[in-house]
> 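Handing you a structure now.
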Amino acid sequence: MSTRALLHVSAFSLSQVNSQRLFSVEYAVKLLKKLADDGNFKLGKVVHALLVVSSHASEDHTIQNNCLINLYSRCGQLAVARRVFDRLSQRNVASWSILMAGYLHNGYAWEVTKLFKDMISVDKIFPNEYVLSTVLSSCSSGRLLHEGRQCHALVLKSGLMFHQYVKNALLSLYTMSSDMEGVLETLKSVPGLDIITYNSVLKGFLDHGYTSEALDVFSRMLADGSAGDSVSYVNIFGLCARLKDLKLGKQVHCRMLKSGLQLDVFLSSAIVDMYGKCGEISGARYIFDSYPNHNVVSWTAILAANFQNECFEEALKLFLRMEFQDVVPNEYTFAVLLNSCAGLSALGCGKTLHARVEKRGHGAFVVVGNALINMYFRSGHIEAARALFSNMISRDTVTWNMIISGFSHHGLGEEALDVFQHMLAVEEQPNYVTFVGVLLACGHLGRIEEGFYYLQHLMRDIGLEPGLEHYTCVVGLLGKAGKLDEAENFMRSTPITWDVVAWRTLLNACNVHRNYDLGKRVAEHLLQLNPNDVGTYILLSNMHAKVKRWDGVAKIRKLLRERNIKKEPGLSWTEIRNETHVFVSDDTQHPETAQIHEKVRKLLADIKPLGYVPDTTSVLHDVEQEQQEGYLSYHSEKLAVAYALMKTPSQAPIHVIKNLRICDDCHSALKLISKVTMRMIVVRDVNRFHSFQDGSCSCADYW
DNA sequence: GTAGGGTTAG
């Protein structure tokens with residue numbers, strides 16, 4: 001019966017019968033229960049008042065009074081609930097239990113254990129299954145380990161171990177105290193698990209990284225003939241997402257389809273998340289589109305899936321659709337959006353979102369703060385990122401990592417290491433990612449010994465096992481310092497499977513330091529790993545050119561032509577007054593092409609007296625085009641910089657983003673352009689930032 | 001009359 005209907009009946013009784021028999025206790029109980037379930041405080045008070053005037057609120061109606069306590073605590077009115085409880089002349093185990101549940105659900109776990117003691121000592125009531133499961137839950141949610149153990153003893157004494165609710169609460173307690181062995185033990189010894197047990201154990205294992213045990217529980221559940229409900233699948237999709245195991249994810253998805261389980265908003269979010277994290281954006285989009293009733297979370301999940309798969313623009317566009325459907329974004333949504341802006345270096349869009357975030361009071365959330373810092377760093381605005389960091393109310397490991405790696409990518413090694421020391425001083429625990437940033441910083445500063453100290457001692461002291469990324473940083477560190485043989489020896493002597501990135505790091509070092517022999521060996525190795533790797537060919541060709549081995553250059557070009565290997569087209573873009581202008585290397589699409597080319601020619605002429613010599617050897621482009629005179633002046637970053645110089649005020653810094661590594665020629669040209677125009681020019685390439693100012697670059701000519 | 005499990009950011 002609906003609340004209104006119940007109330008209608010009550011009103012009817014009120015008018016029909018005299019005030020002595022307003023409505024029966026059964027009615028009152030039914031009505032109060034319904035109101036409690038709905039959390040309807042307003043109507044609840046009315047009914048309470050009716051009960052009082054009809055003298056139904058007398059003390060001998062314990063069940064009815066229990067319902068009142070329940071009503072108020074479910075409406076978040078704990079003080080009122082407590083007053084009703086305290087005035088009872090007769091209370092039973094349910095009165096206690098209801099009040100305890102009230103305190104538990106309103107976040108006062110500690111209060112529950114106090115009530116529990118009073119119940120036993122004052123009223124001499126021995127706990128039943130309701131009380132025990134509530135108290136056990138309070139111990140887990142309040143992290144009250146000691147009390148939890150005492151309750152465990154009581155459970156054994158009471159013989160309620162086999163009660164489903166009690167057993168589940170006990171399992172949650174084990175999970176909370178990270179006693180996964182205890183969980184396994186209970187699973188073995190206690191038969192007859194219901195779906196809730198399976199699901200909470202599944203979640204427990206997942207939260208503690210027991211992935212294989214989680215899978216075991218899932219298969220045991222299926223083997224037991226329990227098909228698994230949407231909660232089970234939400235958990236298991238979460239596992240696939242964490243493992244980034246697309247194959248497993250698809251298997252689970254098939255299983256779910258076969259079981260006939262219908263999508264709900266939780267499930268669709270979890271599946272979207274799984275496909276997103278496993279790198280299959282099409283799967284994520286398909287699931288999202290096949291479920292109609294989305295909420296903030298599921299919208300955020302599809303935005304995140306797009307972000308994770310580098311579909312940054314798509315994420316921002318989808319957000320418009322989300323707003324159009326009147327779904328209100330929360331802090332997670334803003335974090336994803338800001339990170340998408342970071343991916344595009346879309347400062348204008350990022351600033352707009354920043355304003356919205358502050359206006360709505362989302363700025364205090366760590367996730368949002370981190371995303372803002374990321375956005376400003378990736379858009380090249382170091383000072384804005386730094387200011388945000390200093391003003392943050394709460395920080396987490398990600399915040400610190402973000403600042404350290406942000407400074408490192410901008411070539412600010414000293415700053416990065418200062419922040420790292422600061423982090424240690426405030427006893428924030430560094431993690432795997434932290435040390436990647438730290439080792440990068442050491443690389444910029446050429447601090448070899450310090451780098452090795454972090455790798456070999458500090459990391460191990462903290463209990464972190466160095467991984468491929470750290471070792472690659474060390475290769476870069478040695479390579480940058482010109483210790484190429486050491487770098488090679490380090491790679492040969494470290495028992496790890498090196499990837500393309502690591503070898504390319506060494507090859508790049510060989511290139512910069514013109515170590516032709518080692519470079520050739522490394523390049524050959526790289527080409528064995530991937531015979532069509534354009535990046536390797538470019539580096540190899542650059543190296544040949546630098547030592548003037550023109551035959552080598554010609555050979556590589558011929559090879560590329562024969563194999564029809566094409567370089568990814570060079571793209572640069574820059575944001576001017578909220579509009580993004582994109583330039584391709586041999587671009588003539590831009591409406592102002594003629595003026596832009598004229599500007600480039602003028603800039604190059606201006607820097608010639610400063611010693612600029614066009615370097616036709618440093619890039620490997622489409623051969624025919626490259627042979628044309630003046631081709632280099634059409635490089636996309638030069639076009640973008642020229643355009644920005646034309647369109648922005650004379651003091652404004654220029655920000656350009658490009659999809660490839662910046663080439664030698666553009667690098668030396670931009671250094672000089674920054675000098676003659678007295679402008680700061682910040683270029684974000686695939687790997688790092690180059691901040692050109694007064695004739696030099698923040699990368700100190702090593703990238 | 002009272003008690004248990006779920007989705008989104010790096």
Side-chain angles (χ1 to χ4, degrees), chain A residues 25-26 28-30 32-33 36 61-71 73-74 92-102 104-105 127-138 140 160 163-172 175 194-204 206 229-238 241 264-274 276-277 294-305 307-308 329-340 342 365-371 373-374 396-399 401-402 405 431 433:
Chain A
V25 175
E26 286 73 35
V29 165
K30 236 184 199 172
L32 289 171
K33 188 171 149 55
H61 291 124
T62 310
I63 293 178
Q64 183 182 286
N65 287 327
N66 286 349
C67 286
L68 280 168
I69 302 172
N70 188 41
L71 166 76
S73 72
R74 293 280 287 271
N92 57 18
V93 66
S95 325
W96 285 98
S97 165
I98 291 165
L99 189 64
M100 287 178 191
L104 170 62
H105 294 140
N128 66 3
E129 65 272 26
Y130 285 91
V131 173
L132 273 178
S133 38
T134 306
V135 178
L136 281 168
S137 299
S138 306
S140 347
L160 287 167
H163 193 280
Q164 287 293 0
Y165 280 64
V166 175
K167 187 171 60 191
N168 288 336
L170 201 57
L171 284 169
S172 309
T175 307
D194 68 5
I195 187 81
I196 308 271
T197 315
Y198 274 125
N199 291 342
S200 50
V201 169
L202 201 56
K203 180 87 164 73
L206 290 178
D229 64 3
S230 76
V231 178
S232 331
Y233 278 95
V234 165
N235 283 323
I236 212 75
F237 280 122
D264 64 21
V265 73
F266 290 101
L267 244 182
S268 76
S269 311
I271 305 176
V272 164
D273 182 52
M274 182 278 287
K277 295 224 167 87
H294 289 292
N295 63 10
V296 213
V297 178
S298 56
W299 269 104
T300 307
I302 189 68
L303 296 181
F307 163 72
Q308 283 145 0
N330 65 14
E331 66 274 21
Y332 290 108
T333 322
F334 282 115
V336 176
L337 294 170
L338 285 164
N339 285 322
S340 302
F365 287 101
V366 191
V367 277
V368 175
N370 292 347
I373 291 177
N374 188 29
D396 64 7
T397 317
V398 179
T399 320
N401 292 351
M402 203 78 95
S405 80
N431 65 13
V433 180

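Every heavy atom of this structure was used, including side-chain atoms; hydrogens, water molecules and symmetry mates were not. Convention: sequence-line order gives letters A, B, ...; per-chain numbering from 1.
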> Which part of the nucleic acid, if any, lies within contact of A:Ala304, taking any heavy atom under 4.0 Å across all strands shown: a base, the sugar-phosphate backbone alone, or nothing?
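The answer is sugar-phosphate, as A:Ala304 gets under 4.0 Å only of primed atoms, P, OP1 or OP2.
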> Please state whether the base of B:dG10 and the side chain of A:Asn401 form at least one donor-acceptor pair under 3.5 Å?
no
> Run the ring-ring contact (aromatic ring centres under 6.0 Å, His included) test against A:Phe307 and tell me which residues pass, sequence neighbours left out.
A:Phe312
> Side chain to side chain donor-acceptor pair (under 3.5 Å) between A:Thr197 and A:Asn168: does it pass, once the steps are laid out?
CA-CA 6 Å; A:Thr197 315; A:Asn168 288 336; 2.6 Å; yes
> Can you see if the side chain of A:Asn370 gets near the phosphate of B:dG10 - specifically, an N or O under 4.0 Å from OP1 or OP2?
no
> For A:Tyr130 and B:dA3, is the gap between ring centres under 5.5 Å while the planes differ by less than 30°?
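Ring-base stacking flag not set for A:Tyr130 and B:dA3.
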> Is the ring of A:Phe266 stacked on the base of B:dG6, with centres less than 5.5 Å apart and planes under 30° off?
yes
> Would you indicate what A:Ala101 reaches in the nucleic acid, counting non-hydrogen atoms under 4.0 angstrom: base, sugar-phosphate, or nothing?
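Sugar-phosphate, no base atom in range.
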> Is it the case that the base of B:dG5 and the side chain of A:Asn168 share a donor-acceptor contact (distance under 3.5 Å, atom types as modelled)?
no
> Give A:Asp273 one of three labels, base, sugar-phosphate or nothing, depending on what nucleic acid heavy atoms sit under 4.0 Å from its own.
sugar-phosphate
> Using a cut-off of strictly less than 4.0 Å, decide whether A:Gln308 has a side-chain nitrogen or oxygen near OP1 or OP2 of B:dG10.
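Yes, within the criterion.
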> Send over the distance from A:Phe237 CZ to B:dG5 P, rounded to a whole Å.
22 Å
> The test is side chain to side chain donor-acceptor pair (under 3.5 Å); show your working for A:Asn235 and A:Ser232 and say whether it passes.
CA-CA 5 Å; A:Asn235 283 323; A:Ser232 331; over 6 Å; no
> Of the nucleotides B:dT7, B:dG4, B:dG5, which one has an atom closest to the side chain of A:Tyr165?
B:dG4
> Quiz question: going by heavy-atom distance under 3.5 Å, is there a donor-acceptor pair between the base of B:dG5 and the side chain of A:Asp229?
yes
> Compare side-chain N and O positions of A:Lys277 against OP1 and OP2 of B:dA9 and report whether any pair is under 4.0 Å apart.
yes
> What contact category does A:Ser230 fall into here, base, sugar-phosphate, or nothing, at under 4.0 angstrom with non-hydrogen atoms?
base
> Just to be sure I understand the rule, does A:Val398 reach a base, reach only the sugar-phosphate, or reach nothing, if contact means heavy atoms closer than 4.0 Å?
base
> Among B:dA9, B:dG6, B:dA3, which nucleotide sits nearest the side chain of A:Asn235?
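Nearest listed nucleotide: B:dG6.
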> Check this one for me: any side-chain N or O of A:Lys33 less than 4.0 Å away from OP1 or OP2 of B:dT2?
yes
> Separation of A:Asn65 atom CG from B:dT2 atom P, in whole Å?
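After rounding, the reported distance stands at 14 Å.
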> So what does A:Ser298 touch, heavy atoms closer than 4.0 Å: a base, only the sugar-phosphate, or nothing?
nothing
> Within the 4.0 Å heavy-atom criterion, would you say A:Asp264 contacts the bases, only the backbone, or no part of the nucleic acid?
base
> Heavy atoms under 4.0 Å, any strand shown: does A:His294 hit a base, just sugar-phosphate, or nothing?
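It contacts nothing in the nucleic acid.
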> How many angstroms lie between CD1 in A:Ile271 and OG in A:Ser298, if you round to the nearest 0.5 Å?
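Between A:Ile271 CD1 and A:Ser298 OG, I get 12.0 Å after rounding to 0.5 Å.
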> Given A:Asn370 and A:Thr399, is the side chain to side chain donor-acceptor pair (under 3.5 Å) satisfied, shown in steps?
CA-CA 5 Å; A:Asn370 292 347; A:Thr399 320; 2.7 Å; yes
> Determine the contact category for A:Leu303: base if any of its heavy atoms lies under 4.0 Å from a base atom, sugar-phosphate if only primed atoms, P, OP1 or OP2 are that close, otherwise nothing.
nothing
